[in-house]
Each structure stands twice: as structure tokens, then as C-alpha cells.
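Read the structure below first, then the notes.
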Number of protein chains: 2
Amino acid sequence: MSDSDKSVVSRLRKLIGEGFYQPGERIGEVAVAEQLGVSRTPVRLAFRTLEQEGLLQRAGKRGFMVREFTEADVLCAVEVRGVLEGLAARRLAEQGLSPELAEELTVWIQKGRDLLAKGYLEERDVDVWSELNRRFHETIVGSAGSPVIGDAIARNNHLPFAAADSIVIDSEALDREYRKLQLAQTQHELVFQALRHGEGARAEMLMREHAFIGLRYGELWGLG
Amino acid sequence: MSDSDKSVVSRLRKLIGEGFYQPGERIGEVAVAEQLGVSRTPVRLAFRTLEQEGLLQRAGKRGFMVREFTEADVLCAVEVRGVLEGLAARRLAEQGLSPELAEELTVWIQKGRDLLAKGYLEERDVDVWSELNRRFHETIVGSAGSPVIGDAIARNNHLPFAAADSIVIDSEALDREYRKLQLAQTQHELVFQALRHGEGARAEMLMREHAFIGLRYGELWGLG
DNA sequence: TATGCTTTAGTTGGATCCATTGTTAATTTC
DNA sequence: GAAATTAACAATGGATCCAACTAAAGCATA
């Protein structure tokens with residue numbers, strides 16, 4: 001994929017995510033091409049990619065429309081990520097954790113501890129958490145014995161709000177977000193514990209529950 | 001998607017599935033275009049679709065290669081389908097079966113009973129089973145409250161041997177396949193039972209186990 | 001003889017052109 | 001006045017052209 005090609009896909013993804021093209025709205029090749037300052041060809045290619053990702057939908061016989069997502073869709077996407085990451089965790093527990101992998105996971109666990117040790121959250125901590133969280137999940141999924149699970153998760157993550165690192169949003173209520181991250185950190189540690197002891201079923205269930213953290217946990221502290 | 005466009009994607013899918021293009025082999029746009037008798041444009045579009053489906057893979061900086069699947073990949077894809085269909089079944093059990101849906105599922109259950117009632121399997125029965133099996137699974141997945149799960153399954157099914165209806169292959173050992181289908185039918189009935197009684201966890205586990213039927217069950221009767 | 005540089009050929013990406021199709025609007029007829 | 005048919009326009013799909021880049025092959029030099 002050329003830079004430009006990738007750029008068209010990601011720029012279009014961004015525009016759709018930001019609501020520049022309204023859900024349900026018909027999206028034309030020429031309009032997008034002019035908007036992005038390229039010819040129709042890379043846009044046509046990008047449409048096929050975005051269709052497979054689920055962001056675009058065929059509009060009748062001709063052309064595409066922006067797919068609209070209901071609240072149920074978002075919930076479902078989170079659950080899908082949960083069962084898939086749960087599957088990865090169970091497989092990893094069953095096949096046994098190698099010393100190298102345990103070491104790798106320990107790094108991200110420790111980074112989480114360090115981040116939360118000072119007892120509160122700063123603005124710039126958000127990116128640090130996002131990074132270590134992503135690496136923790138990637139490490140587990142990437143070690144499940146086959147790229148198939150990771151691929152399925154990656155495709156699912158293209159749906160808005162489904163990705164694992166879309167946890168922290170409200171940077172104006174950092175004290176509340178701190179409690180959320182504290183819980184996430186605890187869940188990470190519990191998952192790691194289960195993995196080390198080969199407890200497949202427990203690792204799976206913990207991971208599934210962990211997926212919900214960006215969704216309903218706010219209600220616990222009156223954020224919902 | 002125009003007829004021709006769809007045709008290029010599916011014809012290419014077929015050629016790859018049949019091994020016309022070897023796994024790991026570099027696949028060129030011009031070669032495919034000449035092979036299929038079209039210009040490069042629809043081929044380029046099809047490559048993007050097939051990349052997202054997981055059948056093609058970027059080959060370094062330039063072009064695509066046919067993705068190769070290990071035995072572990074196939075096993076993993078089956079497990080992925082299992083957890084996703086399990087998720088759909090659990091959600092369906094939790095939200096409760098509507099009378100219409102129960103009626104619909106009963107139809108496919110009954111067709112399965114009828115098919116197996118005579119005690120043996122004929123060549124033409126294979127298609128009948130394939131159809132009713134597909135409809136049974138589609139009905140459950142399609143009623144899970146959001147198309148997201150179905151989409152994830154559909155994408156996963158593009159991987160060879162991962163689809164639910166790739167059960168019956170050996171049409172020369174119909175007596176052995178009969179026992180397999182008998183078990184599949186029993187599993188369908190148990191899933192239906194769990195769904196009717198709102199037993200979410202049971203429905204999920206049964207569905208997950210059911211996914212393995214095309215994979216390891218042959219070993220039970222010395223087919224492995 | 002091996003390594004590095006240069007040149008050339010082949011392949012991919014982007015833009016444009018043409019044909020086909022779907023949609024919309026206008027005109028005609030009932 | 002409304003509905004249907006036709007014509008015109010807009011948008012998509014396919015093909016081709018051109019440019020850029022990668023990779024491979026050949027040649028020269030150390």
C-alpha cells in the first residue's frame with residue numbers, strides 16, 4: 001500500500017469517525033476525491049477497504065453509504081472483542097507462558113504500577129497508559145499461536161469505540177478516570193496471574209470482563 | 001459492486017482456494033488480469049477486498065502474496081467461529097426467544113430429523129444438510145441483536161475450512177458421515193433446548209463445542 | 001573473485017477517458 | 001391534474017496512459 005493509498009484510507013476513516021460524513025448518508029467517489037485532493041482511483045480502492053472494515057456499506061445497486069451504528073452495535077463490538085481476547089488469553093494459558101513472554105508482560109504491568117503509584121492522574125499520563133495498555137493486549141493476542149485471532153480483533157477494532165485503547169476520553173475528570181485505570185490495572189494483573197498458573201478458563205473470563213471497562217464501568221461512580 | 005467486480009473477487013477466491021496460486025507465491029496484477037480476461041482496474045479493487053478478507057497479504061513494499069495457512073491457523077479460525085457463534089447464542093438466550101424465532105428454528109431442526117430418519121445417507125442429502133445447517137446457524141447469528149457478530153463471522157469464514165458448512169467432504173464414506181451428522185443434529189437440538197430455556201451459558205458452550213465438529217470428530221471413528 | 005554501482009526492465013500507483021447504468025426531471029397523454 | 005414515458009444528466013465501472021519506484025542484472029573496480 002503506498003503512502004498515499006494508506007493516507008486516503010486513514011484520512012477517510014478519520015473523517016467518517018468525526019462525523020464529517022453523516023451515518024446513512026450516501027458517499028460519492030467524486031466528492032471524496034475532490035475533498036481529499038486526489039483522483040477517483042485511490043478513493044475507489046479505499047472504498048473497498050473501508051467496506052470490508054465495516055465503515056461503509058453498499059447503497060443499493062450503486063455506490064456506498066456511511067454505515068450507521070446503533071448503541072447495540074457498539075455494545076456488541078465490545079463483546080466481540082471480549083470473547084476474542086478471551087479466546088487468546090485461554091489459549092495462551094493452555095499452552096503455557098514462556099519465560100520471555102512472562103518477562104514481556106511484567107514490563108507493561110510494572111509500567112502500569114509506576115504510572116498509578118503517585119495516586120492521581122495527569123494529562124500526559126493518558127498517552128502513557130494508552131501505550132502500555134495497547135502493548136499488554138497486543139502481547140497476549142500476538143502470542144495466541146496464530147495471527148487469525150489478532151486479525152479478527154483488528155477488523156473488529158475498526159468499528160468506532162470498539163478498540164481497546166478508547167478507554168480514556170474524559171480528560172477533564174482525571175480523578176474519576178484514575179479509579180477506572182486503577183481497576184483496569186488490577187484486571188491486567190489478575191489476567192497475568194491466571195496466565196502464569198495456566199488457569200485458562202479464569203484468564204478467559206477475566207479478559208472478557210475487562211473488555212467492558214470502557215463501556216459501563218463509568219456508571220459505578222456516577223459517570224454513566 | 002457490479003456483477004463483474006463481484007465475479008472477479010469470487011473467481012479469484014476460488015482460484016486461490018483451489019491452489020491455482022500457491023500459498024506464499026507472489027501474485028501480480030497483470031498476471032491475474034490476463035488470467036481472468038479483464039483489465040487491471042477490477043483486479044486492483046479485488047486485491048483490496050481479498051486483503052481485508054485475509055486471503056492476500058502485503059508482500060513487502062510492493063504487491064501482494066497469497067497468504068499461507070498453517071494447521072494452527074485453521075484450528076484457530078474454527079475456534080474463532082466457535083466463540084463468536086457462542087456469543088450470538090448466549091445473547092439470544094439472554095434476550096429470550098420470540099415465538100417466531102422458535103418456530104423458525106424448529107423448521108430447520110425438523111428438516112434435520114427428517115433427513116436422518118431413514119437411517120443412512122445418500123449423495124444428494126449432503127446439499128440438503130448443508131442448506132439447513134447454514135440456515136440454522138444464520139438464524140441464530142442473525143438474531144443476536146446486531147449485525148456486528150455476523151459480520152465478524154462472515155469475515156472469518158473467508159478463511160479456508162473455517163466456514164460452518166464445510167463439514168461434509170468425504171462423500172465416499174457416507175456411513176461414517178452419517179454418524180457425524182447425527183451428532184451435529186443432536187447438538188443443534190441441545191442448543192435449541194438451551195435457547196428456549198434461556199440458558200445462556202449452556203447455549204454458548206454447546207455452540208462452541210459444535211464448531212469443532214468438522215475438525216476433530218472424525219478421530220472418534222477412526223477418520224482422523 | 002567479490003562487492004558495489006549503474007542501468008534497465010517490469011510492476012505498481014495515480015489520473016484520465018469512455019461506456020454503461022441509474023436517477024431525476026420534464027413533457028406528454030389520459 | 002396525475003401518472004407514465006422518455007430524455008438528459010450524473011455517477012460508477014472498466015480500460016488505458018503515464019510516472020515513479022523497486023528489483024534484478026550486468027558491468028566495472030578493488
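Protein chains get the first letters and strands the later ones, always in sequence-line order, with residue 1 at the start of each.
Residue pairs meeting the salt bridge (Lys or Arg N to Asp or Glu O under 4.0 Å) criterion with at least one partner in residues 87-101 of chain B, sequence neighbours excluded, are E79(A)-R90(B), E79(A)-R91(B), R90(B)-E94(B), R90(B)-E204(B). Judged as a salt bridge (Lys or Arg N to Asp or Glu O under 4.0 Å), the pairs with a partner in residues 23-42 of chain A (not counting sequence neighbours) are, in order, E29(A)-R40(A).
For T41(A), no side-chain nitrogen or oxygen approaches OP1 or OP2 of dG14(C) to under 4.0 Å.
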Distance-only criterion, 3.5 Å: show the donor-acceptor pairs between side-chain atoms of residues 138-145 of chain B and protein atoms not counting sequence neighbours.
from    : atom 1 : to      : atom 2 : distance (Å)
E138(B) : OE2    : R134(B) : NH1    : 2.7
T139(B) : OG1    : R135(B) : O      : 2.6
S143(B) : OG     : T139(B) : O      : 2.7

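Within 3.5 Å, no donor on the side chain of R44(B) pairs with an acceptor on the base of dG14(D), nor the reverse.
Spacing between atom CG of L45(B) and atom P of dG14(D) amounts to 7 Å, rounded to whole angstrom units. Counting to the nearest Å, the P atom of dG13(C) and the CZ atom of F47(B) are 10 Å from each other. Atoms CD (E34(B)) and C1' (dG14(D)) sit 16 Å apart, rounded to a whole Å. As rounded to whole Å, 14 Å separates atom C1' of dT11(C) from atom CD1 of I27(B). Taking atom CZ of R58(B) as the reference point, atom P of dG13(C) lies 7 Å away to the nearest angstrom. To the nearest angstrom, P of dG13(D) lies 18 Å from CZ of R40(B).
The aromatic rings of W129(A) and H188(A) lie parallel to each other, their planes meeting at an angle below 30°, with 60° marking the opposite boundary.
Residue order along DNA chain D, read from the 5' end via each residue's closest nucleotide, puts R26(A) first among R26(B) and R26(A).
Salt-bridge annotation for E53(A) and R13(A): present, with a side-chain N of the basic residue lying under 4.0 Å from a carboxylate O of the acidic one.
Between D127(B) and S130(B), the side chains place no donor N or O within less than 3.5 Å of an acceptor N or O (distance only, hydrogens not considered).
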Tabulate atom names and distances for all N/O pairs under 3.5 angstrom spanning the protein and nucleotides 7-10 of chain D.
none

Give me, pair by pair, the N or O atoms of the protein and of nucleotides 4-6 of chain C that are less than 3.5 Å apart, along with how far apart they are.
none

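When distances run from any side-chain atom of S39(A) to the nucleotides dA15(D), dT16(C), dT16(D), the shortest one goes to dT16(C). The side chain of E29(B) approaches dT12(C) more closely than any other nucleotide in the set dG13(D), dT12(C), dG14(D).
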**Request:** Decide yes or no on salt bridge (Lys or Arg N to Asp or Glu O under 4.0 Å) for E177(B) and K180(B), but give the supporting numbers first.
**Result:** CA-CA 5 Å; E177(B) 297 297 341; K180(B) 210 191 279 187; 3.7 Å; yes
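Shown here are the side-chain hydrogen bond (donor to acceptor under 3.5 Å, both in side chains) partners of Q185(A), two or more places apart in sequence or in another chain: E189(A).
Taking 4.5 Å as the limit, every side-chain heavy atom of V8(B) sits out of range of all side-chain heavy atoms of V32(B).
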